[in-house]
4 protein chains.
Amino acid sequence: MARGINKAILVGNLGNDPETRYTQGGMAVTKISLATTSVRKDRDGNNQEKTEWHRVTFFGKLGEIAAEYLRKGSQVYVEGRITYSEHTGDDGQKRYYTDIVADEMQMLGGRGEGGGGGGGGSYERGPRQPRQEYGGGGGQSAPRQQPAPSRQPPPVDDFSDDDIPF
Amino acid sequence: MARGINKAILVGNLGNDPETRYTQGGMAVTKISLATTSVRKDRDGNNQEKTEWHRVTFFGKLGEIAAEYLRKGSQVYVEGRITYSEHTGDDGQKRYYTDIVADEMQMLGGRGEGGGGGGGGSYERGPRQPRQEYGGGGGQSAPRQQPAPSRQPPPVDDFSDDDIPF
Amino acid sequence: MARGINKAILVGNLGNDPETRYTQGGMAVTKISLATTSVRKDRDGNNQEKTEWHRVTFFGKLGEIAAEYLRKGSQVYVEGRITYSEHTGDDGQKRYYTDIVADEMQMLGGRGEGGGGGGGGSYERGPRQPRQEYGGGGGQSAPRQQPAPSRQPPPVDDFSDDDIPF
Amino acid sequence: MARGINKAILVGNLGNDPETRYTQGGMAVTKISLATTSVRKDRDGNNQEKTEWHRVTFFGKLGEIAAEYLRKGSQVYVEGRITYSEHTGDDGQKRYYTDIVADEMQMLGGRGEGGGGGGGGSYERGPRQPRQEYGGGGGQSAPRQQPAPSRQPPPVDDFSDDDIPF
DNA sequence: TTTT
DNA sequence: TTTT
């Protein structure tokens, strides 16, 4: 029985093209380096930037999709879990790695330099999440023509001045 | 003391330009209609699309930023909390509303039809989250030139064929 | 192809025992009412509480698990997507509903009044997410006693006084 | 301007009591080791468990609260951002660390071995998030007994047999 | 190594 | 009402 939630949610840009390898069994393993930059004002009122570079790994079908559609510079949404591992190098030194193992990805904006195509798309992993579709175009039904909800927005003038409602 | 977590995380596109009103105290209240579309294969192997339209509200400084930068078609990341309310209409009928009250937003891709400008930017709410900066350009320090981590990726060939590692 | 992310993350307590119905095909559909309470200080320094009541729906195997283990008062983690629907009542009036359709759930603390057992457990939906296991009742074993990573924490004395590092 | 989202959401148990240090300026820096365990069935149908140990850091007021209320074994919800750093050890070797810097925490279940009190509580960081309150010890009151919304649930019998609605 |  |  599982106990615990371990979830990472990232939106960032790829620092390089994805790298894909295959296991002996033929499963794609695609890795990307993903930058998330945040900014804040320091005490002197200057902007301070900090970028974190995440190692993100996509397995299986999701690895194939990442390899095909992502490129250096691509903006992407990734959801996954944080994993830690250690590997002993050739020099006998242990090295520690943190990887985000992706469960879901969504391409954003589509301004990567590389791949001609792409557009935006959302994918979940492998044969495991039949709810979302991946891959080529695929017959697409007519766009939802859902009627706008008749629910009119309530008035806003009843908020207090310096406080944001719950 | 607070008990509970109430968090919504959305990535979608605006169905219309934002609408902004001001409270008597001068606080901006900006509302958008945000579409999130998901797809899955049905039993016959056909793609089924479903779009949910979320009412998202931005208060205060975040409301001003949303008003300035978001446009119909804009792609945006929104984080907030789910709120339910009821209002009695002029006909005496009660109506129920669900609103996502945004704490944070991040513009994505920037391909909205409207506003010339925009670009991408991430914002948190009002004077309350000094960690993130909002607003116009602002002096930006030199781009991080952080050295790539020397940590080399571990080999991948040790994964089993039909299974994805934890 | 899916576009958009629609995710709700909730931690709260059940206001009542779950209600389960079955479709003609025999699929369990379990609904709960989940309270998330947040608190803030108002301008006068007094604590203001606000509770949101979420309608959460579990389908299929996850619905069976929710029915078996959750009880009024249970604390639970729920992840899902926000859905909106309308139904016309017997009086011809349209009514609007917002439901969180759960993808994953994790029982917490286990202090529900009802069910004897429970303990904590994390579950994903149906046959669709083989990564997580459900079932096997099981009291909650002691927290993992695994040794902390040998990676020693870096020193902390280099932080500035009034500011929190990135 | 910030670009990117970097968010970790964890629910797990502490492997040890928190450790707190103070900066020269008097700011609390509390670190915990947090286990998140997940389970899946392997190809042979056996349950495979995997535990990740996260280093989580709380700064400032949140650090004081974590120090006061969390204990070895406590179950906790943590939200924060993933940060990577490197430090050179006394042996001249570089070591890499991954830390989750918490923005928000919520105590769950309250079965830690240590501190008598606690109960559940949700906290955000320091003077920076006035929306949530911390402090006020307080045993955990009964789950809100507020009446469920009068909006009646729609019927469920219209779902198909083997498929879960969007 | 990315991005604006 | 959006988007690909």
Side-chain angles (χ1 to χ4, degrees), chain A residues 10-19 31-39 47 49 51-56 69-76 106-114 117-123 133 136-138 140-141 143-150, chain B residues 10-19 31-39 47 49 51-56 69-76 106-114 117-122 133 136-138 140-150, chain C residues 1-5, chain D residues 1-5:
Chain A
L10 306 174
V11 174
N13 296 278
L14 277 75
N16 280 303
D17 284 351
E19 295 181 15
K31 291 172 179 292
I32 65 169
S33 194
L34 189 69
T36 60
T37 301
S38 50
V39 180
N47 289 331
E49 273 203 0
T51 297
E52 302 293 349
W53 286 96
H54 309 268
R55 295 161 35 104
V56 180
Y69 291 107
L70 298 182
R71 290 292 175 271
K72 178 178 179 175
S74 297
Q75 190 181 35
V76 70
Q106 158 101 32
M107 301 169 52
L108 304 168
R111 270 125 1 114
E113 316 174 346
S122 171
Y123 312 95
E133 181 232 3
Q140 188 154 328
S141 55
R144 269 276 130 12
Q145 216 54 30
Q146 223 162 272
S150 58
Chain B
L10 306 174
V11 174
N13 296 279
L14 278 75
N16 279 303
D17 285 351
E19 295 180 14
K31 291 174 180 291
I32 64 171
S33 195
L34 189 68
T36 59
T37 301
S38 52
V39 180
N47 289 332
E49 272 204 0
T51 297
E52 303 293 349
W53 286 96
H54 309 269
R55 294 162 36 105
V56 180
Y69 291 107
L70 298 182
R71 289 292 174 272
K72 177 179 179 174
S74 297
Q75 190 181 34
V76 69
Q106 157 102 32
M107 300 168 54
L108 304 168
R111 269 121 6 108
E113 317 174 346
S122 171
E133 181 232 2
Q140 189 154 330
S141 54
R144 268 279 129 10
Q145 218 51 34
Q146 221 164 275
S150 58
Chain C
M1 183 171 357
R3 280 134 306 166
I5 299 295
Chain D
M1 183 172 356
R3 281 133 306 165
I5 299 296

dist B:Ser74:OG -> B:Asn16:CG (nearest 0.5 Å) comes out at 11.5 Å
Enter the distance from A:Leu108:CG to B:Gln106:CD here, rounded to the nearest 0.5 Å.
9.0 Å
Rounding to an integer number of Å, can you tell me how far A:Arg55 CZ sits from E:dT2 P?
18 Å
Candidates E:dT2, F:dT1, F:dT3 - which lies nearest the side chain of B:Thr37
F:dT3
Atom CD of B:Gln75 to atom C1' of F:dT3: distance rounded to whole Å?
8 Å
Would you compute the distance between atom CZ of B:Arg71 and atom CG of B:Leu14 and round it to the nearest 0.5 angstrom?
9.5 Å
Does the side chain of A:Leu10 come within less than 4.5 Å of A:Val56's, by heavy atoms?
yes
Whole-Å distance separating the CD1 atom of C:Ile5 from the P atom of F:dT2:
21 Å
Taking the six-membered ring for Trp, does B:Trp53 stack with F:dT1 (centroid gap under 5.5 Å, planes within less than 30°)?
yes
Could you check how far CD of A:Glu49 sits from P of E:dT3, rounded to whole Å?
13 Å
Without decimals, in angstroms, what is the distance between A:Leu108 CG and E:dT3 C1'?
12 Å
Without decimals, in angstroms, what is the distance between A:Arg71 CZ and E:dT2 P?
16 Å
Figure out the CG/P separation between B:Asn13 and F:dT1, and round it to whole Å.
16 Å
Rounded to the nearest angstrom, tell me the gap between atom CG in A:Asn16 and atom C1' in E:dT1.
5 Å
